[in-house]
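One structure is given here, and the rest of the page talks about it.
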Amino acid sequence: MALSTLSKFFTAQESRNLQSMYSTGELEAVILQIKSRSNNLDKMELNIAVVGDVGSGKSTFINAMRGVRSGDAGAAPTGNEETRMEPTRYPYQALPNVQLWDLPGTNSFGFEIKNYLKKMKFESYDFFIIVSQSRFRENDAELAKIIQEQGKEFYYVRSKIDNDAHSLKMQGAELSEGWETIHKDCISNFQTVGVTPPAIFLISSFEQGKYDFPELKSTLARNLPSIKSNVFSVSLPKIVLEITEPKTRMLNRGIWLLTIFTGSVGAVPMLVPMPVPIPLPVPVPVSGFPFITAIGLTVAGLKYLQKQLGLSDKSLKSLASKVGKPSSVLKAEMNRRVPREIRPTVTTVLLGITIVACMVTGIKHSFRPVTLSIFATLSSSVFTYKLLKDSLKDHLKTVQQLVKSVLSRD
């Protein structure tokens, strides 16, 4: 499977180009390329994990989907031969770029479901088919909740339905009524555990022309574009994170340099000509009360971050004209959906430093100059570093939300 989320949707060269464009400030070009790819996912590989307890019929189901028997070359081992403890991939020839993954039984390791999910790298799969027999199980509920939390989709398959059909016949019951009862029971079980009921299929892997097996295959083929679209949408935050990573590293280095610089300014409460480590968009005097100067430097750093991350009003207006959405709509969606973490941080840091500064000022005669210098250095550095780091984190979330807003169809 792909080593990164970005490489799942873009070639290595395309990924490098996206990172390079973002590093040079071409956020608009990056977003337009992402939008273009979201409309063309035909070549995207879809990894479908087939999961369920031991004995549920997972491997037999995979063989039936692929049109092979258990004894054929390349077939998934079944019954007593099903001893593999690692996920195994099988190409699904009926659909291009679709892989079926046979995962070991959820109860095959003897430990709790969280450890199973970690060992299986559960989050790396795109779509899921939960296979169960006879009844709804506790592990089925846990898997369904995890999948829903990931924002992904799944089907629920009740296997070995031919056994249920035999039992219903022996009881003299109507098959149609029996199927309706099983469907309602499955829906009720999902609702009970707080999961939106998925598409439910009652199948027999040995009688592939009967029951819901044909419908399952046709539904998967019909829903493939929407499934891929959902996978792309869920992956957007990680895609953007990987694209912005090189520039984020560069900006983090700049934050450290500016932190050191503001600390040194805070230690020297007099006019001293000092070079600024990163280009700032506004002039900042290095004089007067050192902490006031540090605030000026930090504000300049904030504006620099915003410009470097492509979030200026000018950039948003240009992007809005290209994607056919008003810039006011993009701003509103970004502000509504992205939690702001800067203001509480600024308030806390400023309050703490102000209180200490007042205490120090009130009893200034009790401190040596070197002590005052150390306090000024630490307070200036903490203020600058904390504010700029939180601002960078907040801006990156805003970039992620901006991409999501551009791609949204609502």
Side-chain angles (χ1 to χ4, degrees), residues 1-49 87 89 91 95-99 101 117-118 120-128 146-147 149-153 224-254 305 308-311 315-316 319 322-323 330 333-334 337-338 392-409:
M1 296 178 66
L3 296 178
S4 74
T5 304
L6 188 60
S7 62
K8 180 177 182 64
F9 304 99
F10 299 90
T11 66
Q13 184 60 51
E14 287 173 336
S15 299
R16 287 192 292 270
N17 289 342
L18 285 168
Q19 291 176 329
S20 176
M21 284 191 294
Y22 187 76
S23 294
T24 55
E26 301 177 60
L27 176 60
E28 178 182 308
V30 170
I31 292 178
L32 292 177
Q33 191 161 332
I34 293 175
K35 182 176 175 61
S36 175
R37 182 51 46 86
S38 71
N39 296 323
N40 183 18
L41 298 173
D42 292 341
K43 295 181 180 180
M44 167 192 158
E45 183 176 86
L46 187 74
N47 293 287
I48 300 177
R89 181 177 64 176
L95 295 174
N97 302 314
V98 174
Q99 307 291 331
W101 287 81
L117 299 175
K118 183 178 181 180
M120 294 298 108
K121 299 180 180 179
F122 202 71
E123 74 286 347
S124 64
Y125 299 97
D126 306 312
F127 188 80
F128 301 85
I146 294 296
I147 294 168
E149 288 172 3
Q150 292 180 357
K152 298 178 182 177
E153 300 172 319
L224 195 62
S226 64
I227 291 172
K228 287 185 176 183
S229 179
N230 180 70
V231 172
F232 189 83
S233 179
V234 170
S235 303
L236 272 179
K238 290 184 178 179
I239 292 173
V240 175
L241 193 63
E242 289 188 42
I243 292 174
T244 59
E245 185 178 9
K247 187 158 192 174
T248 301
R249 289 199 301 268
M250 181 271 290
L251 292 174
N252 274 318
R253 288 194 293 269
L305 284 180
Q308 287 295 305
L309 292 170
L311 296 174
S315 300
L316 285 177
L319 175 63
K322 298 289 179 58
V323 299
L330 294 181
E333 291 178 347
M334 289 158 53
R337 298 176 185 175
V338 178
L392 177 58
K393 181 180 178 181
D394 188 71
H395 282 327
L396 289 174
K397 286 183 179 180
T398 303
V399 171
Q400 291 175 338
Q401 185 56 45
L402 177 60
V403 175
K404 187 182 295 185
S405 299
V406 168
L407 269 61
S408 67
R409 292 177 172 81

How close do [X] and [Y] get, counting heavy atoms only, and between which atoms?
{"X": "K228", "Y": "D42", "result": "NZ-O, 3.2 Å"}
{"X": "T5", "Y": "S235", "result": "CG2-CB, 3.6 Å"}
{"X": "E28", "Y": "S315", "result": "OE1-O, 4.4 Å"}
{"X": "N230", "Y": "G151", "result": "ND2-O, 3.2 Å"}

Under the 3.5 angstrom rule, does the side chain of [X] hit a backbone N or O of [Y] as a donor-acceptor pair?
{"X": "D126", "Y": "N47", "value": "yes"}
{"X": "S229", "Y": "S226", "value": "no"}
{"X": "N39", "Y": "K35", "value": "yes"}
{"X": "K152", "Y": "E123", "value": "yes"}
{"X": "S20", "Y": "R16", "value": "no"}
{"X": "S23", "Y": "Q19", "value": "yes"}

From [X] atom [atom1] to [Y] atom [atom2], the distance as rounded to the nearest 0.5 Å:
{"X": "L32", "Y": "K322", "atom1": "CG", "atom2": "NZ", "answer": "6.5 Å"}
{"X": "L41", "Y": "N97", "atom1": "CG", "atom2": "CG", "answer": "11.0 Å"}
{"X": "M250", "Y": "T244", "atom1": "CE", "atom2": "OG1", "answer": "11.5 Å"}
{"X": "H395", "Y": "T248", "atom1": "NE2", "atom2": "OG1", "answer": "12.0 Å"}
{"X": "Q150", "Y": "L117", "atom1": "CD", "atom2": "CG", "answer": "8.0 Å"}
{"X": "T398", "Y": "L330", "atom1": "OG1", "atom2": "CG", "answer": "12.5 Å"}

Could you check whether any side-chain heavy atom of [X] comes within less than 4.5 Å of a side-chain heavy atom of [Y], counting everything from C-beta outward?
{"X": "Y22", "Y": "L27", "result": "yes"}
{"X": "P87", "Y": "Y125", "result": "yes"}
{"X": "M44", "Y": "V231", "result": "yes"}
{"X": "L46", "Y": "L224", "result": "yes"}

Counterpart residues, side-chain hydrogen bond (donor to acceptor under 3.5 Å, both in side chains), relative to [X] (two or more places apart):
{"X": "T11", "answer": "E14"}
{"X": "K247", "answer": "Q308"}
{"X": "Q99", "answer": "none"}

Please report the C-alpha distance between L392 and N252 in whole Å, then the side-chain angles of each, then the deciding distance to 0.1 Å, and finally whether the side chain to side chain contact (heavy atoms under 4.5 Å, CB included) criterion is met. CA-CA 8 Å; L392 177 58; N252 274 318; 3.4 Å; yes

K8/E45 ion pair, N-O < 4.0 Å: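 Looking at E45 together with K8, the answer is no, because their closest N to O distance does not fall below 4.0 Å.
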
Salt-bridge criterion met for E242 and K238 (N-O under 4.0 Å):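 Answer for the salt bridge query: no.
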
For the residue pair F232 and F10, categorise the inter-ring angle as parallel (less than 30°), tilted (30 to 60°) or perpendicular (more than 60°).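 Tilted, since the angle between the ring planes falls between 30° and 60°.
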
Stepwise, does the side chain to side chain contact (heavy atoms under 4.5 Å, CB included) test hold for I34 with V406? CA-CA 10 Å; I34 293 175; V406 168; over 6 Å; no

Side chain to side chain contact (heavy atoms under 4.5 Å, CB included) between I147 and F122, worked out: CA-CA 9 Å; I147 294 168; F122 202 71; 3.8 Å; yes

Between Q400 and L236, does a side chain to side chain contact (heavy atoms under 4.5 Å, CB included) hold up when you go through it step by step? CA-CA 7 Å; Q400 291 175 338; L236 272 179; over 6 Å; no

